Amino acid sequence: MTETNSGRNGRSGSFGDTVAMDLASGRAVDLAELYALDAVTEEERRAIEQYMSAAPAAERTEFFDRVRQARETLVRTFRVEEQPPADLFDRIVAQLPAQGGPDANTPAPPAPGQSAAGQFAPGQPVASQPASVQPGGGDELARARQRREERRRPGSTRRWLAGVAAAAAIALGGVGVGSYLADQNDPLNQVVRAGDLREASVDVAGGGTATLLISSSEDAAVVKMNGVPAPPAGKVYQMWLIPKDGSAPVSQGLMDEEALSKPAVVEGISSAAALGITVEPAGGSQSPTLPTVAAAPLGA
Amino acid sequence: MTLLESGSRTSRSSHGATAEDSRSGDLCLVVMETPNAPHSEAQAAVTDPPADLSQRLSVLLDRIGRGDQAAFAEFYQLTSRRVFGMARRVLIDPELSEDTTQEVFLQVWQNASKFDPKAGSPLSWLMTISHRRAVDRVRSSQSSTDREAKYGASTQNIDHDSVADQVGSRLEAEAVVRCLETLTETQQESVRLAYYGGLTYREVAERLNAAVPTIKSRIRDGLIRLKTCLGVS
(Lines give C-alpha, C1' and ligand atoms only; values in the text may rest on other atoms or scores of the structure.)
Protein backbone atom coordinates (compact mmCIF):
# COMPACT_ATOMS: atom_id res chain seq x y z
CA MET A 1 0.00 0.00 0.00
CA THR A 2 1.69 3.10 -1.16
CA GLU A 3 -0.80 5.66 -0.09
CA THR A 4 -0.84 5.21 3.59
CA ASN A 5 -0.76 8.26 5.67
CA SER A 6 1.76 7.18 8.19
CA GLY A 7 4.64 9.40 7.36
CA ARG A 8 8.25 8.49 7.68
CA ASN A 9 8.18 9.46 11.28
CA GLY A 10 5.41 7.18 12.21
CA ARG A 11 2.64 9.65 12.76
CA SER A 12 -0.58 7.94 12.01
CA GLY A 13 -3.81 9.27 10.74
CA SER A 14 -4.57 11.02 7.52
CA PHE A 15 -3.75 14.25 5.92
CA GLY A 16 -6.73 16.50 6.29
CA ASP A 17 -8.56 18.29 3.53
CA THR A 18 -6.83 21.57 4.26
CA VAL A 19 -3.42 22.76 5.29
CA ALA A 20 -4.96 24.39 8.34
CA MET A 21 -6.20 21.00 9.50
CA ASP A 22 -2.78 19.47 8.99
CA LEU A 23 -1.09 22.20 10.97
CA ALA A 24 -3.63 21.83 13.75
CA SER A 25 -3.23 18.05 13.89
CA GLY A 26 0.54 18.14 14.21
CA ARG A 27 1.33 17.09 10.66
CA ALA A 28 3.18 20.25 9.70
CA VAL A 29 6.42 18.46 8.87
CA ASP A 30 4.58 16.21 6.46
CA LEU A 31 3.71 19.27 4.41
CA ALA A 32 7.38 19.74 3.51
CA GLU A 33 7.14 18.06 0.11
CA LEU A 34 3.97 19.90 -0.90
CA TYR A 35 5.59 23.12 0.18
CA ALA A 36 8.79 22.43 -1.75
CA LEU A 37 6.75 21.64 -4.82
CA ASP A 38 4.80 24.90 -4.58
CA ALA A 39 1.69 22.74 -4.57
CA VAL A 40 0.01 24.93 -1.98
CA THR A 41 -1.77 28.22 -2.41
CA GLU A 42 -0.16 31.50 -1.45
CA GLU A 43 -2.27 31.70 1.71
CA GLU A 44 -1.33 28.18 2.68
CA ARG A 45 2.33 28.93 2.07
CA ARG A 46 2.09 31.87 4.42
CA ALA A 47 0.27 29.82 7.03
CA ILE A 48 2.96 27.15 6.91
CA GLU A 49 5.74 29.71 7.17
CA GLN A 50 4.04 31.42 10.04
CA TYR A 51 3.59 28.13 11.81
CA MET A 52 7.23 27.23 11.30
CA SER A 53 8.52 30.53 12.53
CA ALA A 54 6.96 29.77 15.89
CA ALA A 55 7.58 26.03 15.90
CA PRO A 56 10.06 24.27 18.19
CA ALA A 57 13.55 24.23 16.71
CA ALA A 58 13.55 20.48 16.17
CA GLU A 59 10.34 20.56 14.19
CA ARG A 60 11.48 23.52 12.16
CA THR A 61 14.80 21.88 11.39
CA GLU A 62 13.15 18.67 10.29
CA PHE A 63 10.72 20.56 8.09
CA PHE A 64 13.31 22.64 6.30
CA ASP A 65 15.61 19.68 5.96
CA ARG A 66 12.89 17.83 4.15
CA VAL A 67 12.10 20.88 2.05
CA ARG A 68 15.74 21.14 1.04
CA GLN A 69 15.93 17.46 0.16
CA ALA A 70 12.71 17.62 -1.82
CA ARG A 71 14.05 20.57 -3.82
CA GLU A 72 17.33 18.80 -4.56
CA THR A 73 15.29 15.82 -5.66
CA LEU A 74 13.13 17.93 -7.98
CA VAL A 75 16.11 19.69 -9.52
CA ARG A 76 17.70 16.37 -10.36
CA THR A 77 14.50 14.82 -11.66
CA PHE A 78 12.91 17.48 -13.81
CA ARG A 79 15.57 18.76 -16.12
CA VAL A 80 13.98 20.15 -19.24
CA GLU A 81 16.14 22.63 -21.03
CA GLU A 82 15.29 25.07 -23.73
CA GLN A 83 17.40 27.73 -25.34
CA PRO A 84 16.02 31.16 -24.51
CA PRO A 85 15.87 33.82 -27.24
CA ALA A 86 19.28 35.13 -28.18
CA ASP A 87 18.62 38.67 -27.03
CA LEU A 88 17.20 37.79 -23.63
CA PHE A 89 20.47 38.30 -21.79
CA ASP A 90 20.84 41.80 -23.20
CA ARG A 91 17.33 42.60 -22.10
CA ILE A 92 18.10 41.40 -18.60
CA VAL A 93 21.31 43.38 -18.38
CA ALA A 94 19.45 46.48 -19.54
CA GLN A 95 17.18 46.08 -16.53
CA LEU A 96 19.79 45.57 -13.88
CA PRO A 97 19.36 48.25 -11.27
CA ALA A 98 22.00 50.97 -11.31
CA GLN A 99 24.28 49.00 -13.47
CA GLY A 100 27.10 50.24 -15.57
CA GLY A 101 26.28 47.75 -18.25
CA PRO A 102 28.78 45.20 -19.39
CA ASP A 103 32.20 46.74 -19.06
CA ALA A 104 35.31 45.88 -20.92
CA ASN A 105 35.83 42.78 -18.88
CA THR A 106 32.41 41.33 -19.28
CA PRO A 107 32.48 38.36 -21.57
CA ALA A 108 30.29 38.57 -24.58
CA PRO A 109 26.80 37.64 -23.54
CA PRO A 110 25.37 34.55 -25.16
CA ALA A 111 24.10 36.62 -28.03
CA PRO A 112 25.30 40.16 -28.24
CA GLY A 113 22.48 42.18 -29.59
CA GLN A 114 22.09 45.87 -29.24
CA SER A 115 24.74 47.08 -26.90
CA ALA A 116 23.58 48.03 -23.49
CA ALA A 117 26.97 49.38 -22.60
CA GLY A 118 26.69 52.60 -24.51
CA GLN A 119 23.37 53.42 -22.99
CA PHE A 120 24.21 52.66 -19.44
CA ALA A 121 27.74 53.81 -18.96
CA PRO A 122 28.18 55.05 -15.44
CA GLY A 123 28.02 58.75 -15.09
CA GLN A 124 25.98 59.21 -18.18
CA PRO A 125 22.59 60.60 -17.49
CA VAL A 126 20.08 58.10 -18.69
CA ALA A 127 16.65 59.37 -19.36
CA SER A 128 14.74 56.16 -19.08
CA GLN A 129 14.88 52.50 -19.68
CA PRO A 130 14.51 51.58 -23.28
CA ALA A 131 10.82 51.34 -23.91
CA SER A 132 11.35 48.63 -26.42
CA VAL A 133 12.86 46.25 -23.96
CA GLN A 134 9.79 44.16 -23.74
CA PRO A 135 6.85 43.69 -25.94
CA GLY A 136 4.30 45.92 -24.35
CA GLY A 137 0.78 45.12 -23.44
CA GLY A 138 -1.22 45.81 -20.32
CA ASP A 139 1.18 43.71 -18.34
CA GLU A 140 4.00 46.16 -18.75
CA LEU A 141 2.90 48.39 -15.91
CA ALA A 142 2.56 45.48 -13.58
CA ARG A 143 5.99 44.30 -14.52
CA ALA A 144 7.47 47.70 -13.98
CA ARG A 145 5.83 47.88 -10.59
CA GLN A 146 7.14 44.51 -9.69
CA ARG A 147 10.64 45.50 -10.67
CA ARG A 148 10.39 48.59 -8.56
CA GLU A 149 9.23 46.57 -5.63
CA GLU A 150 12.11 44.20 -6.04
CA ARG A 151 14.55 47.02 -5.97
CA ARG A 152 13.04 48.30 -2.76
CA ARG A 153 13.51 45.12 -0.86
CA PRO A 154 15.44 45.43 2.34
CA GLY A 155 19.08 44.65 2.07
CA SER A 156 19.68 46.46 -1.14
CA THR A 157 17.61 49.39 -0.09
CA ARG A 158 19.28 51.72 2.26
CA ARG A 159 19.12 55.41 2.28
CA TRP A 160 20.43 56.89 -0.87
CA LEU A 161 22.55 59.92 -0.81
CA ALA A 162 20.76 63.14 -1.41
CA GLY A 163 21.67 64.77 -4.59
CA VAL A 164 23.94 62.04 -5.74
CA ALA A 165 23.87 60.27 -9.00
CA ALA A 166 20.53 61.83 -9.48
CA ALA A 167 19.99 61.54 -13.17
CA ALA A 168 21.56 58.22 -13.88
CA ALA A 169 20.82 56.41 -10.70
CA ILE A 170 17.25 57.46 -10.28
CA ALA A 171 16.39 56.81 -13.86
CA LEU A 172 17.79 53.35 -13.47
CA GLY A 173 16.06 52.86 -10.17
CA GLY A 174 19.43 52.49 -8.60
CA VAL A 175 20.28 50.08 -5.87
CA GLY A 176 19.23 51.66 -2.66
CA VAL A 177 17.08 54.46 -3.83
CA GLY A 178 15.16 54.59 -0.63
CA SER A 179 14.41 58.12 0.23
CA TYR A 180 15.81 60.31 -2.43
CA LEU A 181 15.73 63.66 -0.89
CA ALA A 182 14.00 66.23 -2.98
CA ASP A 183 14.64 69.93 -3.00
CA GLN A 184 11.97 71.00 -0.60
CA ASN A 185 12.84 70.49 3.01
CA ASP A 186 16.25 69.75 1.72
CA PRO A 187 18.04 67.96 4.57
CA LEU A 188 21.24 69.25 3.15
CA ASN A 189 20.23 72.74 4.04
CA GLN A 190 19.00 71.61 7.40
CA VAL A 191 22.35 70.09 8.21
CA VAL A 192 24.32 73.02 6.91
CA ARG A 193 22.22 75.39 8.99
CA ALA A 194 22.44 73.33 12.13
CA GLY A 195 23.84 75.10 15.16
CA ASP A 196 26.20 72.34 16.18
CA LEU A 197 27.99 71.90 12.89
CA ARG A 198 31.43 70.33 12.98
CA GLU A 199 33.73 70.02 10.02
CA ALA A 200 36.16 67.22 9.29
CA SER A 201 38.28 66.50 6.29
CA VAL A 202 39.96 63.25 5.31
CA ASP A 203 42.21 62.32 2.43
CA VAL A 204 40.89 60.01 -0.22
CA ALA A 205 43.28 57.39 -1.51
CA GLY A 206 43.74 58.15 -5.16
CA GLY A 207 43.60 61.87 -4.63
CA GLY A 208 41.43 64.59 -3.23
CA THR A 209 39.65 64.91 0.05
CA ALA A 210 36.25 64.26 1.51
CA THR A 211 34.85 67.00 3.68
CA LEU A 212 32.21 66.18 6.24
CA LEU A 213 29.89 68.65 7.87
CA ILE A 214 28.59 66.80 10.89
CA SER A 215 25.56 67.73 12.95
CA SER A 216 24.60 65.63 15.94
CA SER A 217 21.36 67.49 16.42
CA GLU A 218 20.32 66.66 12.86
CA ASP A 219 21.78 63.17 13.21
CA ALA A 220 23.28 63.68 9.78
CA ALA A 221 26.40 64.64 7.90
CA VAL A 222 26.97 66.31 4.58
CA VAL A 223 29.74 64.75 2.56
CA LYS A 224 31.48 66.70 -0.13
CA MET A 225 34.20 65.30 -2.36
CA ASN A 226 36.93 67.69 -3.38
CA GLY A 227 39.23 66.86 -6.24
CA VAL A 228 38.52 63.18 -6.02
CA PRO A 229 39.10 61.31 -9.29
CA ALA A 230 36.25 59.55 -10.97
CA PRO A 231 35.93 55.90 -10.06
CA PRO A 232 37.69 53.50 -12.43
CA ALA A 233 35.68 52.29 -15.40
CA GLY A 234 32.87 50.02 -14.30
CA LYS A 235 33.30 51.00 -10.65
CA VAL A 236 31.56 53.34 -8.29
CA TYR A 237 32.31 54.78 -4.91
CA GLN A 238 30.11 53.45 -2.17
CA MET A 239 29.60 55.08 1.21
CA TRP A 240 29.11 53.14 4.40
CA LEU A 241 28.27 53.89 7.97
CA ILE A 242 30.27 51.69 10.29
CA PRO A 243 28.08 51.03 13.34
CA LYS A 244 29.49 51.58 16.82
CA ASP A 245 28.25 48.21 17.97
CA GLY A 246 30.55 46.37 15.62
CA SER A 247 27.79 45.13 13.34
CA ALA A 248 28.18 45.08 9.57
CA PRO A 249 28.69 48.35 7.72
CA VAL A 250 25.51 49.76 6.26
CA SER A 251 25.56 51.05 2.70
CA GLN A 252 24.54 54.66 2.32
CA GLY A 253 24.53 54.66 -1.44
CA LEU A 254 26.70 54.93 -4.48
CA MET A 255 28.54 57.74 -6.13
CA ASP A 256 29.50 57.64 -9.72
CA GLU A 257 31.52 60.17 -11.59
CA GLU A 258 28.69 62.61 -11.89
CA ALA A 259 27.61 62.37 -8.29
CA LEU A 260 31.08 63.24 -7.09
CA SER A 261 30.47 66.88 -7.81
CA LYS A 262 27.46 67.08 -5.53
CA PRO A 263 27.23 67.13 -1.78
CA ALA A 264 25.47 64.19 -0.23
CA VAL A 265 23.59 63.81 3.01
CA VAL A 266 24.13 60.79 5.19
CA GLU A 267 21.53 60.37 7.90
CA GLY A 268 21.42 58.30 11.04
CA ILE A 269 25.00 58.91 12.11
CA SER A 270 24.37 58.73 15.86
CA SER A 271 24.79 54.97 15.93
CA ALA A 272 27.83 55.05 13.65
CA ALA A 273 31.46 55.19 14.65
CA ALA A 274 32.73 56.20 11.23
CA LEU A 275 31.93 56.84 7.64
CA GLY A 276 33.83 54.80 5.09
CA ILE A 277 34.16 55.04 1.33
CA THR A 278 35.10 52.10 -0.85
CA VAL A 279 35.41 51.38 -4.55
CA GLU A 280 32.92 48.78 -5.68
CA PRO A 281 31.78 47.28 -8.94
CA ALA A 282 29.05 49.23 -10.71
CA GLY A 283 25.81 48.54 -8.96
CA GLY A 284 27.45 48.51 -5.57
CA SER A 285 28.12 45.69 -3.15
CA GLN A 286 26.37 44.22 -0.17
CA SER A 287 29.43 44.60 1.98
CA PRO A 288 32.44 46.84 1.58
CA THR A 289 35.45 45.72 -0.42
CA LEU A 290 38.46 46.63 1.66
CA PRO A 291 40.56 48.63 2.03
CA THR A 292 38.52 51.78 2.21
CA VAL A 293 39.70 54.70 0.13
CA ALA A 294 38.64 57.06 2.90
CA ALA A 295 37.38 56.73 6.45
CA ALA A 296 36.23 59.50 8.70
CA PRO A 297 35.47 59.09 12.38
CA LEU A 298 32.09 60.51 13.33
CA GLY A 299 32.58 60.19 17.05
CA ALA A 300 30.90 62.90 19.02
CA MET B 1 34.34 67.50 -9.62
CA THR B 2 34.93 65.06 -12.31
CA LEU B 3 38.57 64.66 -12.96
CA LEU B 4 37.91 61.90 -15.37
CA GLU B 5 36.51 64.41 -17.79
CA SER B 6 39.97 65.73 -18.27
CA GLY B 7 41.29 62.33 -17.99
CA SER B 8 41.75 60.69 -21.32
CA ARG B 9 45.33 61.23 -20.35
CA THR B 10 44.88 59.29 -17.17
CA SER B 11 45.57 55.74 -17.85
CA ARG B 12 42.88 53.19 -17.76
CA SER B 13 45.49 50.67 -17.05
CA SER B 14 44.90 47.05 -16.46
CA HIS B 15 44.27 47.99 -12.87
CA GLY B 16 41.45 50.19 -13.88
CA ALA B 17 42.85 53.02 -11.83
CA THR B 18 42.19 56.45 -13.13
CA ALA B 19 44.09 58.63 -10.75
CA GLU B 20 47.57 59.69 -11.62
CA ASP B 21 48.55 60.27 -8.10
CA SER B 22 50.92 57.79 -6.59
CA ARG B 23 48.28 56.92 -4.08
CA SER B 24 46.17 55.57 -6.86
CA GLY B 25 47.70 52.27 -5.93
CA ASP B 26 45.23 52.19 -3.10
CA LEU B 27 42.45 52.23 -5.57
CA CYS B 28 43.98 49.43 -7.52
CA LEU B 29 43.95 47.20 -4.53
CA VAL B 30 40.26 47.30 -4.17
CA VAL B 31 39.45 46.86 -7.81
CA MET B 32 38.87 43.29 -8.67
CA GLU B 33 38.96 42.84 -12.35
CA THR B 34 37.39 39.78 -13.73
CA PRO B 35 39.16 37.80 -16.37
CA ASN B 36 37.17 37.01 -19.43
CA ALA B 37 35.39 33.80 -18.96
CA PRO B 38 36.16 31.58 -21.89
CA HIS B 39 33.05 30.94 -23.86
CA SER B 40 33.74 27.25 -23.81
CA GLU B 41 32.84 27.16 -20.15
CA ALA B 42 29.26 27.53 -21.17
CA GLN B 43 29.37 24.07 -22.58
CA ALA B 44 30.43 22.71 -19.26
CA ALA B 45 26.86 22.85 -18.05
CA VAL B 46 25.92 19.66 -19.79
CA THR B 47 28.94 17.56 -19.13
CA ASP B 48 30.25 18.53 -15.75
CA PRO B 49 29.58 16.23 -12.86
CA PRO B 50 27.01 17.88 -10.63
CA ALA B 51 29.52 18.56 -7.88
CA ASP B 52 31.79 20.59 -10.15
CA LEU B 53 28.89 22.55 -11.55
CA SER B 54 27.65 23.24 -8.05
CA GLN B 55 31.02 24.48 -6.98
CA ARG B 56 31.33 26.70 -10.03
CA LEU B 57 27.85 28.15 -9.57
CA SER B 58 28.56 28.83 -5.90
CA VAL B 59 31.70 30.76 -6.78
CA LEU B 60 29.79 32.71 -9.41
CA LEU B 61 26.97 33.56 -7.01
CA ASP B 62 29.48 34.83 -4.52
CA ARG B 63 30.96 37.11 -7.18
CA ILE B 64 27.54 38.19 -8.41
CA GLY B 65 26.71 39.15 -4.85
CA ARG B 66 29.56 41.60 -5.09
CA GLY B 67 28.26 43.08 -8.32
CA ASP B 68 30.41 41.15 -10.76
CA GLN B 69 28.77 41.28 -14.16
CA ALA B 70 31.15 38.85 -15.81
CA ALA B 71 30.14 36.27 -13.22
CA PHE B 72 26.52 37.08 -13.91
CA ALA B 73 27.02 36.49 -17.63
CA GLU B 74 28.66 33.16 -17.01
CA PHE B 75 26.01 32.12 -14.53
CA TYR B 76 23.40 32.93 -17.15
CA GLN B 77 25.22 30.91 -19.77
CA LEU B 78 25.35 27.92 -17.49
CA THR B 79 21.79 27.98 -16.25
CA SER B 80 19.46 29.92 -18.55
CA ARG B 81 18.45 26.85 -20.52
CA ARG B 82 17.18 25.24 -17.36
CA VAL B 83 15.31 28.31 -16.20
CA PHE B 84 13.73 28.99 -19.56
CA GLY B 85 12.98 25.30 -20.10
CA MET B 86 11.08 25.13 -16.85
CA ALA B 87 9.22 28.36 -17.55
CA ARG B 88 8.16 27.08 -20.94
CA ARG B 89 6.82 23.83 -19.53
CA VAL B 90 4.88 25.58 -16.82
CA LEU B 91 3.72 28.61 -18.75
CA ILE B 92 3.71 27.31 -22.33
CA ASP B 93 3.44 30.87 -23.65
CA PRO B 94 6.87 31.98 -24.96
CA GLU B 95 6.45 35.62 -24.03
CA LEU B 96 5.37 34.92 -20.46
CA SER B 97 8.24 32.48 -20.22
CA GLU B 98 10.73 35.12 -21.31
CA ASP B 99 9.32 37.60 -18.81
CA THR B 100 9.58 35.06 -16.06
CA THR B 101 13.13 34.11 -17.00
CA GLN B 102 14.01 37.78 -16.94
CA GLU B 103 12.50 38.19 -13.48
CA VAL B 104 14.35 35.16 -12.22
CA PHE B 105 17.74 36.45 -13.32
CA LEU B 106 17.05 39.91 -11.96
CA GLN B 107 16.30 38.21 -8.69
CA VAL B 108 19.55 36.29 -8.97
CA TRP B 109 21.43 39.54 -9.46
CA GLN B 110 19.78 41.14 -6.46
CA ASN B 111 19.75 38.21 -4.08
CA ALA B 112 22.95 36.36 -4.95
CA SER B 113 24.56 37.48 -1.72
CA LYS B 114 21.77 35.80 0.21
CA PHE B 115 22.58 32.43 -1.28
CA ASP B 116 23.74 30.12 1.48
CA PRO B 117 25.59 27.01 0.28
CA LYS B 118 24.70 25.27 3.51
CA ALA B 119 21.01 25.61 2.73
CA GLY B 120 21.20 23.75 -0.56
CA SER B 121 22.89 23.59 -3.95
CA PRO B 122 22.99 26.68 -6.15
CA LEU B 123 20.97 24.99 -8.85
CA SER B 124 18.31 24.03 -6.34
CA TRP B 125 18.25 27.63 -5.09
CA LEU B 126 17.87 28.88 -8.65
CA MET B 127 15.22 26.40 -9.68
CA THR B 128 13.26 27.07 -6.50
CA ILE B 129 13.14 30.73 -7.45
CA SER B 130 12.28 29.81 -11.02
CA HIS B 131 9.50 27.41 -10.19
CA ARG B 132 7.97 29.77 -7.70
CA ARG B 133 8.00 32.59 -10.24
CA ALA B 134 6.56 30.46 -12.98
CA VAL B 135 3.85 29.11 -10.72
CA ASP B 136 2.95 32.56 -9.40
CA ARG B 137 2.71 33.77 -12.95
CA VAL B 138 0.68 30.89 -14.25
CA ARG B 139 -1.77 31.06 -11.37
CA SER B 140 -2.34 34.75 -11.78
CA SER B 141 -2.66 34.70 -15.54
CA GLN B 142 -4.51 31.53 -16.35
CA SER B 143 -7.45 29.74 -14.86
CA SER B 144 -6.71 26.26 -13.67
CA THR B 145 -8.90 24.88 -16.42
CA ASP B 146 -6.71 26.56 -19.02
CA ARG B 147 -3.65 25.26 -17.31
CA GLU B 148 -4.92 21.74 -17.20
CA ALA B 149 -5.86 21.89 -20.86
CA LYS B 150 -2.50 23.24 -21.85
CA TYR B 151 -0.73 20.85 -19.59
CA GLY B 152 -2.62 17.96 -21.08
CA ALA B 153 -1.59 19.01 -24.54
CA SER B 154 2.04 19.15 -23.65
CA THR B 155 2.26 16.16 -21.40
CA GLN B 156 3.74 13.81 -23.91
CA ASN B 157 6.54 16.19 -24.58
CA ILE B 158 7.34 16.46 -20.95
CA ASP B 159 7.37 12.78 -20.28
CA HIS B 160 9.73 12.34 -23.12
CA ASP B 161 12.32 15.01 -22.76
CA SER B 162 12.28 15.60 -19.07
CA VAL B 163 14.19 12.52 -18.24
CA ALA B 164 16.06 11.29 -21.23
CA ASP B 165 17.09 13.71 -23.93
CA GLN B 166 18.20 16.70 -21.99
CA VAL B 167 19.89 15.16 -19.06
CA GLY B 168 23.51 16.04 -18.82
CA SER B 169 25.11 12.84 -17.75
CA ARG B 170 23.97 9.46 -18.90
CA LEU B 171 24.42 7.96 -15.49
CA GLU B 172 22.33 10.61 -13.89
CA ALA B 173 19.68 10.13 -16.54
CA GLU B 174 19.60 6.44 -15.92
CA ALA B 175 19.35 6.95 -12.20
CA VAL B 176 16.44 9.32 -12.65
CA VAL B 177 14.60 6.96 -14.97
CA ARG B 178 15.20 4.05 -12.65
CA CYS B 179 14.07 6.03 -9.63
CA LEU B 180 10.98 7.39 -11.30
CA GLU B 181 10.06 3.79 -11.97
CA THR B 182 10.01 3.10 -8.25
CA LEU B 183 7.07 5.46 -7.96
CA THR B 184 3.57 4.29 -8.67
CA GLU B 185 2.04 5.75 -11.78
CA THR B 186 -0.36 7.78 -9.72
CA GLN B 187 2.47 9.18 -7.64
CA GLN B 188 4.41 10.17 -10.75
CA GLU B 189 1.35 11.74 -12.26
CA SER B 190 0.53 13.75 -9.15
CA VAL B 191 4.07 15.07 -8.75
CA ARG B 192 4.31 16.00 -12.42
CA LEU B 193 0.96 17.76 -12.44
CA ALA B 194 2.03 19.83 -9.49
CA TYR B 195 5.49 20.57 -10.82
CA TYR B 196 4.88 21.30 -14.47
CA GLY B 197 1.17 22.04 -14.29
CA GLY B 198 1.65 24.54 -11.48
CA LEU B 199 -1.36 22.96 -9.79
CA THR B 200 -2.01 22.98 -6.08
CA TYR B 201 -2.69 19.66 -4.38
CA ARG B 202 -6.37 20.55 -4.45
CA GLU B 203 -6.32 21.17 -8.19
CA VAL B 204 -4.44 17.93 -8.73
CA ALA B 205 -7.11 16.14 -6.75
CA GLU B 206 -9.87 17.70 -8.82
CA ARG B 207 -8.17 16.88 -12.04
CA LEU B 208 -7.54 13.28 -11.07
CA ASN B 209 -10.87 12.94 -9.39
CA ALA B 210 -9.27 11.77 -6.20
CA ALA B 211 -9.66 12.65 -2.55
CA VAL B 212 -7.59 15.60 -1.38
CA PRO B 213 -5.82 13.75 1.46
CA THR B 214 -4.94 10.97 -0.96
CA ILE B 215 -3.24 13.36 -3.35
CA LYS B 216 -1.29 14.97 -0.54
CA SER B 217 -0.03 11.56 0.46
CA ARG B 218 0.88 10.64 -3.09
CA ILE B 219 2.95 13.74 -3.56
CA ARG B 220 4.70 13.37 -0.23
CA ASP B 221 5.36 9.68 -0.61
CA GLY B 222 6.39 10.03 -4.25
CA LEU B 223 8.96 12.70 -3.51
CA ILE B 224 10.32 10.86 -0.48
CA ARG B 225 10.69 7.71 -2.51
CA LEU B 226 12.50 9.58 -5.28
CA LYS B 227 14.74 11.25 -2.77
CA THR B 228 15.65 7.97 -1.15
CA CYS B 229 16.30 6.29 -4.48
CA LEU B 230 18.48 9.14 -5.76
CA GLY B 231 20.37 9.20 -2.51
CA VAL B 232 19.65 12.84 -1.81
CA SER B 233 20.73 13.62 1.71
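In what follows, chains are A, B, ... by sequence order, proteins preceding strands, each numbered from 1. Remember, predicted model here, so these are calculated numbers, not experimental data.
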Shorter than 4.5 Å, heavy atoms on both sides: which option in [options] has the most such pairs with chain A?
options                             : result
B/Gly120, B/Gly231, B/Ser121        : B/Ser121
B/Ala87, B/Ser233, B/Gly65, B/Pro94 : B/Ser233
B/Thr128, B/Ile219, B/Leu126        : B/Thr128
B/Val135, B/Leu226, B/Leu123        : B/Leu226

Under 4.5 Å heavy-atom distance to chain A, tell me which part of [X] shows up: side chain, backbone, both or neither.
X        : value
B/Val83  : neither
B/Ala112 : neither
B/Arg88  : side chain

Check each atom of A/Val67 against the heavy atoms of chain B and say whether the ones under 4.5 Å are side chain, backbone, both or neither.
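Contact with chain B is absent: no heavy atom of A/Val67 under 4.5 Å.
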Which bit of A/Asp65 comes within less than 4.5 Å of chain B, counting heavy atoms only: side chain, backbone, both or neither?
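Contact with chain B: none, neither part.
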Dump the intermediate steps for side chain to side chain contact (heavy atoms under 4.5 Å, CB included) on B/Leu91 and B/Val138, then the final yes or no.
CA-CA 6 Å; B/Leu91 289 157; B/Val138 81; 3.7 Å; yes
Can you tell me how far apart CZ (B/Arg132) and OG1 (B/Thr100) are? Round to the nearest 0.5 Å.
13.5 Å
I'd like to verify something: which residue of A/Pro288, A/Pro84, A/Ser287, A/Ser285 has the highest number of heavy-atom pairs under 4.5 Å with chain B?
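If we count pairs closer than 4.5 Å to chain B, A/Pro84 comes out on top.
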Looking only at side chains, do B/Arg81 and A/Gln83 share a donor and an acceptor under 3.5 Å apart?
yes
What I want to check is whether the side chains of A/Thr289 and A/Glu280 have a donor and an acceptor closer together than 3.5 Å.
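Present: a donor and an acceptor within the cut-off.
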Please identify each residue that fulfils ring pair (Phe, Tyr, Trp, His ring centres under 6.0 Å) with B/Tyr195, with sequence neighbours left out.
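With neighbours one apart ignored, the set is A/Phe78, B/His131.
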CD (A/Glu49) with more than 12 external heavy atoms under 6.0 Å:
yes
Apply the test salt bridge (Lys or Arg N to Asp or Glu O under 4.0 Å) to residues B/Arg137 and B/Glu103: give CA-CA distance (whole Å), side-chain angles for both, the deciding distance (0.1 Å), then the verdict.
CA-CA 11 Å; B/Arg137 180 60 75 101; B/Glu103 288 167 3; 2.6 Å; yes
